[in-house]
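Heads up: the structure comes next, in C-alpha cells.
Sequence lines set the chain letters: A, B, ... in the order given, protein chains first and strands last, and positions in each chain run from 1.
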Amino acid sequence: MIFMSDVFENVMELAKRRGFVWPTSECYGAVAGFIDYGPLGAMMKRRIENIWRDFYVIREGYYEIECPTIAQEAVFVASGHVAGFADKMCQCPHCNEFLRADHVAEGGGIENASTMKNEELSAALATCKCLACEEVLGTVEVFGFNLMFKTSIGPGSQRVGYLRPETAQGMFVDFARLLRFYRDKLPFGAVQIGKSYRNEISPRQGMIRLREFTQAEAEIFVHPAEKNRHPFFGRYASYRMPLLTYVQQQNGQDAVTLSMREAVDQGVIANEYLAYYVALTHEMLTVIGIKPERLRFRQHLPDERAHYATDCWDAEIHSERFGWVETVGLADRTDYDLRAHAKESGTPMTVFIQYDEPRKVPRRRIIPNMSVLGKQYRNKAKAIFTELESAIPTKDGADVVVDGETIHIPPDLFEVRDEIVDIRGEDIVPHVIEPSYGIDRMCYAVLEQAYDEDVADGEKRVVMRFSPQVAPVQVAVFPLMTRDDLDTIAREITTSLQKKGLLAEYDDSGAIGRRYRRQDEIGTPFAITVDYDTKENNTVTLRDRDSMKQVRVAIKDLPEIIGALVDGTRVFLEIK
RNA sequence: GCAUCGAUGGUCUAGAGGUAUGACUUAGGCCUUCCAAGCCUAUAGCCCGGGUUCGAUUCCCGGUCGAUGCACCA
C-alpha cells in the first residue's frame with residue numbers, strides 16, 4: 001500500500017466519479033446533509049442491508065415491518081421527542097452567536113439549567129455572559145430548536161406530523177399487533193430498515209452526519225426477568241472481542257478483551273441479550289468488510305446514556321478521517337417506550353405471562369347490595385360502588401370517600417366474601433433490547449476501508465477491496481478480442497451467470513488491462529476472460545481482483561464457482 | 001449559525017477584464033493473443049444570483065456547496 005495523503009478525499013472522489021455517492025440535486029446546488037446513492041452505491045447499500053437481513057430476519061427470526069416515515073404528533077409526544085428532542089438555544093444580542101442556552105446558564109453557575117422551562121431559563125440568563133463574546137446577555141429569548149422535521153398532514157394544516165427521527169417508534173406503536181402476530185409469547189422481535197430524519201443544525205462530514213439517513217433497527221421484546229437467558233447465547237458465549245467499558249474510559253485505560261460469557265458474568269455488559277447482540281454486531285460488521293482492528297465496542301458513560309437506558313454500547317468504526325465513528329448503538333431501553341405509548345394511547349402494552357401452576361391467592365370481595373344502595377344514595381351509588389371495592393370494612397361497616405365526603409356504609413348494605421382464587425398469570429411490560437444500525441455510516445466505512453492503491457507493472461492501481469458479498473458488480477466477463485466468436489461466447493457466459501442471479505457485467509471496450517483496471521476501481525472481485533484456448537477446450541481464465549492471479553476453469557462450472565465465491569462459501573486461492 | 005479559505009469539461013489542472021490550456025477518462029474507428037500500450041476522430045467546462053463595465057468565468061456583494069476553526073452532535 002502506498003502512502004495515502006487523504007483517504008477520505010480519494011475515496012469520495014472515486015465514489016462520485018464511479019457512481020457510488022453523489023451530492024443530491026447537484027444541478028441546483030447540493031443541500032448539506034443529503035446525498036444520493038448512485039447506481040453502484042445503491043447496489044452496495046442494498047447488499048449490506050441484505051446481509052443485515054440475513055442476520056436479523058432469517059437467522060434471528062425477527063420479521064421486518066415497514067411503517068410510514070411520517071407519524072402524527074401523539075407518537076412523538078409519547079416518545080418524548082416533541083419535548084425532549086430539542087436543544088434550548090438563545091442568540092447573543094451582541095455578537096449574534098447562537099448558543100446552547102443551558103450551557104450558557106451552567107457556565108454562569110446556574111444549576112439544573114437543563115431542566116428549566118424556557119421562561120425560567122431566559123430570566124436566569126440575564127446575568128450570564130455570552131460564551132463567545134463574553135458580554136453580559138441581558139434580555140434574551142430562549143427557544144427550542146427541535147431536531148425533528150415538522151409537517152402538516154392533509155390540507156389546511158389541521159394535523160401536525162413529524163418525519164420520524166428513528167424507525168424504532170413504529171415498532172413500539174405496533175406492539176399490540178406484533179404481539180398477536182407472534183402468538184402472545186415472549187421473546188419476539190420486529191425490525192425495520194428505512195429512512196429517518198433529523199434536522200441537524202450543521203451537518204458536516206459527508207456521509208457521516210446526514211439529515212436523511214437509513215437506519216436498520218431491531219426491537220427485541222423480552223421478559224424483564226429473562227434478560228439473562230438468551231436462547232442462543234451459546235452461539236456467542238466464547239466469542240471474544242475488545243470492550244471499552246465506561247470505567248476504563250474514566251481511568252484512561254485500554255479496552256479489555258473478554259468473551260461474552262465473561263462480560264456478562266463480570267457485570268461488564270448488563271445482560272445476555274445485550275451481549276448477544278454486541279457479539280452479533282461484531283460478526284456482522286466483519287462480514288461486510290470492516291477490519292476487526294478498526295472496530296471497537298464502547299460503553300456509554302453514565303451521563304451520556306439516554307434516561308431510559310440501563311446500559312448502552314456503541315460499535316465504533318475507526319475512520320482515517322473522522323476517528324472513531326459511532327455506527328451501531330446497542331441499548332437496553334427497558335420498558336420506557338412501551339409504558340410511554342401505553343399511557344399516551346390508552347392501549348395496554350403488556351404480555352400475559354401464564355404461571356406454570358395457577359397460584360392460589362386469597363382475595364376479599366365486597367359485594368354491595370345495589371338495590372338498597374341505589375335507592376338510598378341515588379346519584380352517588382355508582383361512585384360508592386367503585387370505592388367499596390377497595391374499602392377496608394370492619395364489622396361496623398365501611399367508610400368510603402366520594403367527592404371529598406366520607407360516607408359511612410352500614411354492614412348490612414354489603415357482603416364480604418373471603419375466597420381463594422386461581423391467579424393464572426400476570427401482565428408484564430416487556431423490556432426492549434435495541435440494536436440500531438446506521439447504514440450510511442456502515443457504507444462509508446466499507447468504502448473507506450476498501451480503498452487501496454497498489455502498484456501493478458510500475459503503475460498505480462486503484463482498487464476497492466470489497467468483500468465479494470458487498471461488491472456491487474460481482475463478476476466481469478471479457479472477450480480477449482472482439483472477433484472470432486470470442487465476444488459471442490463471452491456474452492453467453494454473461495447470460496448464464498445472470499440466470500444464476502449474479503450481477504455480471506460484460507465489457508469488450510479497450511485493451512484487456514484497461515478493462516481489469518476499470519473493474520478493480522469499482523471493486524468487482526472476479527473477472528472472466530474468454531481467449532483462444534476457450535475455443536479449444538471450453539475453459540476460461542478466472543482472475544482474482546486482490547491477487548491478480550488467474551486460474552483456468554471450465555465454462556460449465558462457472559455459475560457454481562462464481563456463486564460460491566460471491567457468497568463466501570469458497571475462496572479464490574482454494575480453486576484448483 | 002459565525003469566522004477564514006476555496007469552487008474551471010466526468011476527473012486533475014493552466015489561465016487572463018474580450019468565451020479558455022493540457023493530461024487522464026468516456027464514445028466511435030484502426031491496431032492489439034491477458035493487466036490503464038499506440039494512432040485517428042468525437043463529446044464535454046468557467047457553482048448560482050445581483051452589481052460595476054461596452055463587455056465579468058475573472059473585480060465587488062449576496063447565496064449554495066466543500067474544507068478548517070468555534071458552536072452543535074437525541
Pair pattern of RNA chain B in dot-bracket, where unpaired bases get dots and | marks partners in another strand, Watson-Crick or G-U under 3.5 angstrom: (((((((..(((.....[...))).(((((.......)))))....(((((..]....))))))))))))....
Backbone N or O of A/Asn537 within a donor-acceptor pair of the A/Thr539 side chain at under 3.5 Å? no
Quick check: on RNA chain B, is the nucleotide nearest A/Glu9 upstream (toward 5') of the one nearest A/Gln215, or the reverse? Name the residue that is more 5'. A/Glu9
Given B/rC34, B/rA36, B/rA67, the nucleotide with the shortest approach to the side chain of A/Phe8: B/rA67
What is the distance, to the nearest angstrom, from the CE atom on A/Met207 to the P atom on B/rA67? 13 Å
With rounding to whole Å, what would you report as the distance between B/rG49 and B/rU13 at their C1' atoms? 27 Å
B/rC65 P sits how many Å from A/Ile35 CD1, rounded? 15 Å
Is B/rU43 syn or anti, taking syn as a glycosidic angle within 90° of 0? anti
Tell me whether A/Glu316 contacts the main-chain N or O of A/Arg298 through its side chain, where contact means a donor paired with an acceptor under 3.5 Å. no
Whole Å only: how far is the CZ atom of A/Arg321 from the P atom of B/rA67? 7 Å
Rounded C1' spacing from B/rC47 to B/rC72 in Å: 28 Å
Output yes when A/Arg552 and A/Asp531 qualify as a salt bridge under the 4.0 Å nitrogen-oxygen rule, no when they do not. yes
Any salt bridge linking A/Glu521 with A/Arg517? Criterion: basic side-chain nitrogen under 4.0 Å from a carboxylate oxygen. no
Quick test of your reading of the model: are A/Asp452 and A/Arg545 salt-bridged, counting only N-O distances below 4.0 Å? no
Is the shortest side-chain N to carboxylate O distance from A/Arg294 to A/Glu448 below 4.0 Å? yes
Quick check for you: among B/rA67, B/rG10, B/rC34, whose closest atom lies nearest to any side-chain atom of A/Arg17? B/rG10
Quickly work out the A/Lys16 NZ to B/rC65 P distance and round it to whole Å. 14 Å
When you compare B/rA67 with B/rC12, how far apart are their P atoms, in angstrom units rounded to a whole number? 14 Å
Between A/Thr281 and A/Tyr437: side-chain donor-acceptor atoms closer than 3.5 Å: yes
Whole-angstrom distance between B/rG63 and B/rU26, as gauged at atom C1': 33 Å
I'd like to know if A/Lys227 pairs up with A/Asp332 as an ion pair, taking the criterion as any Lys NZ or Arg NE/NH1/NH2 lying under 4.0 Å from an Asp or Glu carboxylate oxygen. yes
Between B/rG22 and B/rC61, how many Å separate the two C1' atoms, rounded to a whole number? 34 Å
Closest to the A/Ala32 side chain: B/rC65, B/rC35, B/rA36? B/rC65
Rounded to whole Å, the CD-P distance (A/Glu521 to B/rC12) equals 13 Å
Among the nucleotides B/rC72, B/rA36, B/rC34, which one has an atom lying closest to any side-chain atom of A/Arg209? B/rC72
If the P atom of B/rG45 is compared with that of B/rG38, how far apart are they to the nearest Å? 26 Å
Can you build the contact string for nucleotides 26-33 of chain B? Use B for base contact, S for sugar-phosphate-only contact, and - for no protein heavy atom under 4.0 Å. SS----BB
Salt bridge check: are A/Arg333 and A/Glu217 linked by an N-O gap of less than 4.0 Å? no
Between CZ of A/Arg517 and C1' of B/rC34 the distance, given in whole Å, is 11 Å
Between the base of B/rC34 and the side chain of A/Arg543, is there a donor-acceptor distance below 3.5 Å? no
5' precedence on RNA chain B between A/Ala30 and A/Glu26 (nearest-nucleotide basis): A/Glu26
Pairwise C1' distance for B/rG10 and B/rA16, with rounding to whole Å: 25 Å
For A/Glu13 and B/rC65, give me the distance from atom CD to atom P, rounded to whole Å. 22 Å
Distance below 4.0 Å between A/Arg552 side-chain N/O and B/rC34 OP1 or OP2: no
Does the distance from a Lys or Arg side-chain N to an Asp or Glu carboxylate O, for A/Asp454 and A/Arg465, drop under 4.0 Å? yes
Write down the distance between CD (A/Glu453) and C1' (B/rC35), rounded to a whole number of angstrom. 18 Å
Please measure how far the C1' atom in B/rU57 lies from the corresponding atom in B/rG9, and state the result in whole Å. 14 Å
If the plane angle is over 60° it's perpendicular, under 30° parallel, otherwise tilted; pick one for A/Phe172 and A/Phe221. perpendicular
